[in-house]
Visitor: 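Okay, here's the structure, questions in a sec.
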Amino acid sequence: MTTFVDRVELHVAAGSGGHGCASVHREKFKPLGGPDGGNGGHGGDVILTVDQSVTTLLDYHHSPHRKATSGKPGEGGNRSGKDGQDLVLPVPDGTVVLDKEGNVLADLVGHGTSYVAAEGGRGGLGNAALSSARRKAPGFALLGVPGGLQDIVLELKTVADVALVGYPSAGKSSLISVLSAAKPKIADYPFTTLVPNLGVVTAGATVYTIADVPGLIPGASQGKGLGLEFLRHVERCSVLVHVLDTATLESERDPVSDLDIIEEELKEYGGLGDRPRIVVLNKVDVPDGLDLAEMVRPELEARGYQVYEVSAVAHIGLKELSFALAEVVAKARAAKPKEETTRIVIRPKAVDDAGFTVVQEEDGLYRVRGEKPERWVRQTDFNNDEAVGYLADRLNRLGVEDKLMKAGARAGDGVAIGPEDNAVVFDWEPTVMAGAEMLGRRGEDHRLDVPRPAAQRRRDQQAERDEAQKEFDDFEPF
Ligand SMILES: Nc1nc2c(ncn2[C@@H]2O[C@H](COP(=O)(O)OP(=O)(O)OP(=O)(O)O)[C@@H](O)[C@H]2O)c(=O)[nH]1
Ligand SMILES: [Mg+2]
């Protein structure tokens with residue numbers, strides 16, 4: 001028997017960015033050839049993509065840890081590191097992605113629909129890319145950013161137009177087997193069906209899918225029988241079909257009370273109230289069954305149901321039923337907003353690029369949160385003073401110092417950048433006060449300067465100012 005897995009926990013890790021390289025070009029008789037350290041490659045993403053040839057989540061049940069490859073470090077001679085490869089994980093149509101708290105992150109329906117479950121870390125810039133007119137020879141490079149880690153839950157919600165519900169042995173699987181080419185297991189004992197079956201029905205010009213779920217019994221909502229667990233597979237259907245057994249030998253049952261009980265359980269499960277219902281009275285090939293069907297039909301019709309008398313075994317009433325279902329499905333499709341024809345790629349969250357916050361916490365610590373400052377910290381090699389200075393410059397340009405000052409921070413106060421469990425904490429030394437500006441800019445190598453005429457100097461200064469402005473406006477070259 002094939003195992004059916006419709007819920008798995010998955011731990012995904014994107015690739016990390018490769019470190020940038022700090023290197024200086026060396027050539028005979030050219031002692032100061034300039035910086036030539038290449039950029040690190042970007043880490044690969046982990047991407048979930050709907051693949052219609054995949055039908056279960058079994059693979060992920062067996063190996064729930066998946067990792068994309070990391071970017072390679074940059075090298076001297078302006079050689080960039082290779083990017084890591086994205087890891088594409090195929091999932092069945094109708095896979096729902098949840099976080100560990102059960103919040104829906106994405107609902108993947110339609111071939112090719114994708115979700116970036118973990119984003120690769122950026123590669124660090126090498127010192128060649130970091131050099132500029134005013135920072136001619138940076139003696140540092142940026143570190144690659146670690147790849148994102150994510151614990152997610154995948155849940156499969158079968159995508160079927162029509163869902164059959166009913167007591168065990170009512171003949172749900174038998175109906176699928178005669179309406180479609182599917183060959184589900186059929187037997188005269190309850191709970192023959194342990195996992196949903198899916199079939200494709202063609203009725204005139206309409207092609208639709210039909211699924212059953214394991215039989216329901218009174219108290220299914222309390223976990224009796226196989227419980228309501230499988231009803232999530234019918235959540236996407238546009239029509240529910242009650243399959244009622246007209247030939248059951250259990251004396252306390254009859255089609256109307258069966259229907260009431262199943263409706264009670266559906267209500268308990270919730271969320272299916274708006275789906276149109278059709279009633280099928282099955283097994284009318286049995287003489288008593290036909291009598292009972294005729295007897296209960298008026299009552300069911302009085303309740304507003306369309307009622308079909310059929311026999312899955314003797315092939316009675318099937319054509320009529322399949323066309324009636326096609327009609328409801330076609331109507332539901334027409335009412336739905338037009339299907340997206342392009343592939344949808346869902347990214348975890350839109351990052352607010354420019355934003356950051358400064359908050360003073362109870363113990364006096366100032367906490368800075370924001371996508372950019374936090375990434376910049378991760379990109380910084382704290383063993384390299386120049387790199388640390390560069391970080392300070394970047395934070396300053398973003399306005400972090402300003403905001404700290406406004407928030408009341410003073411030299412020597414503790415500042416943390418990042419979340420509580422993963423922050424870099426340091427004593428604040430405002431760069432302006434420390435006189436960094438007066439000492440000459442970081443990364444400037446005066447040995448590379450040659451005397452310039454005054455006009456040239458002015459032009460250079462203007463260029464420098466323009467560049468500083470541009471760097472502020474759009475620093476990130478990626
Ligand atoms: N006489 C007669 N027997 C039927 C008919 N439809 C199904 N059966 C029989 O009823 C029994 C149960 O049929 P299934 O199709 O397995 O029923 P099910 O609703 O899928 O049952 P579970 O999967 O256990 O929930 C089998 O022995 C079938 O042969 C019918 O139209 N007439
Ligand atoms: Mg069955």
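Only this structure's heavy atoms are used, side chains among them; waters, hydrogens and symmetry mates stay out. Note that ligands are numbered from 1 as they come in the structure, with each ligand's atoms numbered from 1 the same way.
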Visitor: Apply the side chain to side chain contact (heavy atoms under 4.5 Å, CB included) test between Tyr308 and each candidate in Leu321, Ile316, Leu325; give the one that qualifies.
Guide: Leu321
Visitor: Between Ile278, Asn282, Leu266, which is the residue that forms a side chain to side chain contact (heavy atoms under 4.5 Å, CB included) with His242?
Guide: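 Answer to the side chain to side chain contact (heavy atoms under 4.5 Å, CB included) test with His242 among Ile278, Asn282, Leu266: Leu266.
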Visitor: Considering only protein heavy atoms, which is closest to atom 27 (O) of ligand 1, and at what distance to one decimal place?
Guide: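 Checking every protein heavy atom, the shortest distance to atom 27 (O) of ligand 1 gives Asp188 CB, 3.2 Å.
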Visitor: Please confirm whether Gly166 approaches ligand 1 to less than 4.0 Å, judged on its heavy atoms.
Guide: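 Contact absent.
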Visitor: When you look for heavy atoms under 4.0 Å from ligand 1, do you find them on the side chain of Val286, its backbone, both, or neither?
Guide: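 Contact part for Val286 vs ligand 1: side chain (C-beta onward).
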Visitor: Who's the nearest protein heavy-atom neighbour of atom 17 (O) of ligand 1, and how far?
Guide: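 Protein heavy atom with the smallest distance to atom 17 (O) of ligand 1: Gly171 N, 3.2 Å.
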Visitor: Nearest to atom 31 (O) of ligand 1, what protein heavy atom do you find, and at what distance?
Guide: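 Heavy-atom neighbour on the protein nearest atom 31 (O) of ligand 1: Ala312 N, 2.8 Å.
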Visitor: Can you list the ligand 1 atoms lying under 4.0 Å from a non-hydrogen atom of Tyr189?
Guide: 24 (O)
Visitor: Quick check: Ala170 and ligand 1, any N/O pair under 3.5 Å apart?
Guide: yes
Visitor: Could you state the interatomic distance from OG (Ser177) to NZ (Lys183), rounded to the nearest 0.5 Å?
Guide: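 With rounding to 0.5 Å, OG (Ser177) is 5.5 Å from NZ (Lys183).
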Visitor: How far is atom 5 (C) of ligand 1 from its nearest protein heavy atom, and which residue and atom is that?
Guide: Val313 CG2, 3.4 Å
Visitor: Per the side chain to side chain contact (heavy atoms under 4.5 Å, CB included) rule, which among Lys283, Lys172, Glu250 passes with Asp245?
Guide: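 In the set Lys283, Lys172, Glu250, the residue that makes a side chain to side chain contact (heavy atoms under 4.5 Å, CB included) with Asp245 is Lys283.
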Visitor: Do ligand 1 and Pro214 have nitrogen or oxygen atoms that lie under 3.5 Å from each other?
Guide: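 There is no such contact.
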Visitor: In terms of residue, atom name and distance, what is the protein heavy atom nearest to atom 10 (O) of ligand 1?
Guide: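 The answer is Lys283 NZ, 3.2 Å.
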Visitor: Which residue supplies the protein heavy atom nearest to atom 25 (O) of ligand 1, what is that atom called, and how far is it?
Guide: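 Atom 25 (O) of ligand 1 sits closest to the protein heavy atom Lys172 NZ, 2.9 Å.
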Visitor: To the nearest 0.5 Å, how far apart are CG in Leu179 and OH in Tyr208?
Guide: 6.0 Å
Visitor: How long is the straight-line distance from CD of Glu299 back to OH of Tyr305, given to the nearest 0.5 Å?
Guide: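 Those atoms lie 10.0 Å apart.
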Visitor: Which heavy atom of the protein is the closest neighbour of atom 15 (O) of ligand 1, given with residue, atom name and distance?
Guide: Ser174 OG, 2.5 Å
Visitor: Below 4.0 Å from ligand 1: does a non-hydrogen atom of Ala247 turn up there or not?
Guide: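 Outside the 4.0 Å threshold, so no.
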Visitor: Using a 3.5 Å cut-off on N or O atoms only, is Asp212 in polar contact with ligand 1?
Guide: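 Between Asp212 and ligand 1 (N or O atoms, distance only) the closest approach is not under 3.5 Å.
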Visitor: Quick check: does any side chain N or O of Thr192 sit under 3.5 Å from a backbone N or O of Asp188, one acting as donor and the other as acceptor?
Guide: no
Visitor: Within a distance under 4.0 Å of any heavy atom of Gly215, pick out the atoms of ligand 1 and give their elements.
Guide: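 The list of qualifying atoms is 25 (O).
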Visitor: Can you confirm, on distance only, whether ligand 1 has an N/O atom lying under 3.5 Å from any N/O atom belonging to Val310?
Guide: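 No.
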Visitor: Using atom types as modelled and distance alone, determine if a side-chain donor or acceptor of Asp151 lies under 3.5 Å from a backbone N or O of His11.
Guide: no
Visitor: Checking Asp212 side chain against Asn197 main chain: does a donor-acceptor pair fall under 3.5 Å?
Guide: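 Yes, Asp212 side chain to Asn197 backbone: donor-acceptor pair under 3.5 Å.
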Visitor: Provide, to 0.1 Å, the distance between atom 6 (N) of ligand 1 and the closest protein heavy atom, together with that atom's residue and name.
Guide: Asn282 ND2, 3.2 Å
Visitor: To which of Asp285, Thr192, Val165 does the heavy atom nearest atom 32 (N) of ligand 1 belong?
Guide: Asp285
Visitor: Between Ile186 and ligand 1, does any nitrogen or oxygen pair lie at a separation below 3.5 Å?
Guide: no
Visitor: Does ligand 1 have a heavy atom under 4.0 Å from the side chain of Pro190, from its backbone, from both, or from neither?
Guide: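 Just the backbone.
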Visitor: Can you confirm whether the side chains of Glu235 and Tyr269 place a donor and an acceptor under 3.5 Å from each other?
Guide: yes
Visitor: Is a side-chain donor or acceptor of Asp363 paired with a backbone partner of Leu365 at a separation under 3.5 angstrom?
Guide: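 Yes, the answer is positive, given that a donor and an acceptor are paired below the 3.5 Å cut-off.
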Visitor: Would you give the length of the straight line joining atom OG of Ser16 to atom CG of Leu143, rounded to the nearest 0.5 angstrom?
Guide: 11.0 Å
Visitor: Against heavy atoms of Phe191, which atoms of ligand 1 measure under 4.0 Å?
Guide: 24 (O)
Visitor: If the test is side chain to side chain contact (heavy atoms under 4.5 Å, CB included), which one of Val104, Asn103, Asp107 qualifies with Leu98?
Guide: Val104
Visitor: Without swapping roles, check the side chain of His233 against the backbone of Lys157 for a donor-acceptor pair under 3.5 Å.
Guide: no
Visitor: If we set the cut-off at 4.0 Å for heavy atoms, which region of Ala187 has an atom near ligand 1: side chain, backbone, both, or neither?
Guide: backbone
Visitor: Please work out the angle at the Mg ion (ligand 2) defined by atom OG1 of Thr193 on one side and atom OG of Ser173 on the other, rounded to 10°.
Guide: 90°
Visitor: Is it the side chain, the backbone, both or neither of Leu175 that has a heavy atom closer than 4.0 Å to ligand 1?
Guide: neither
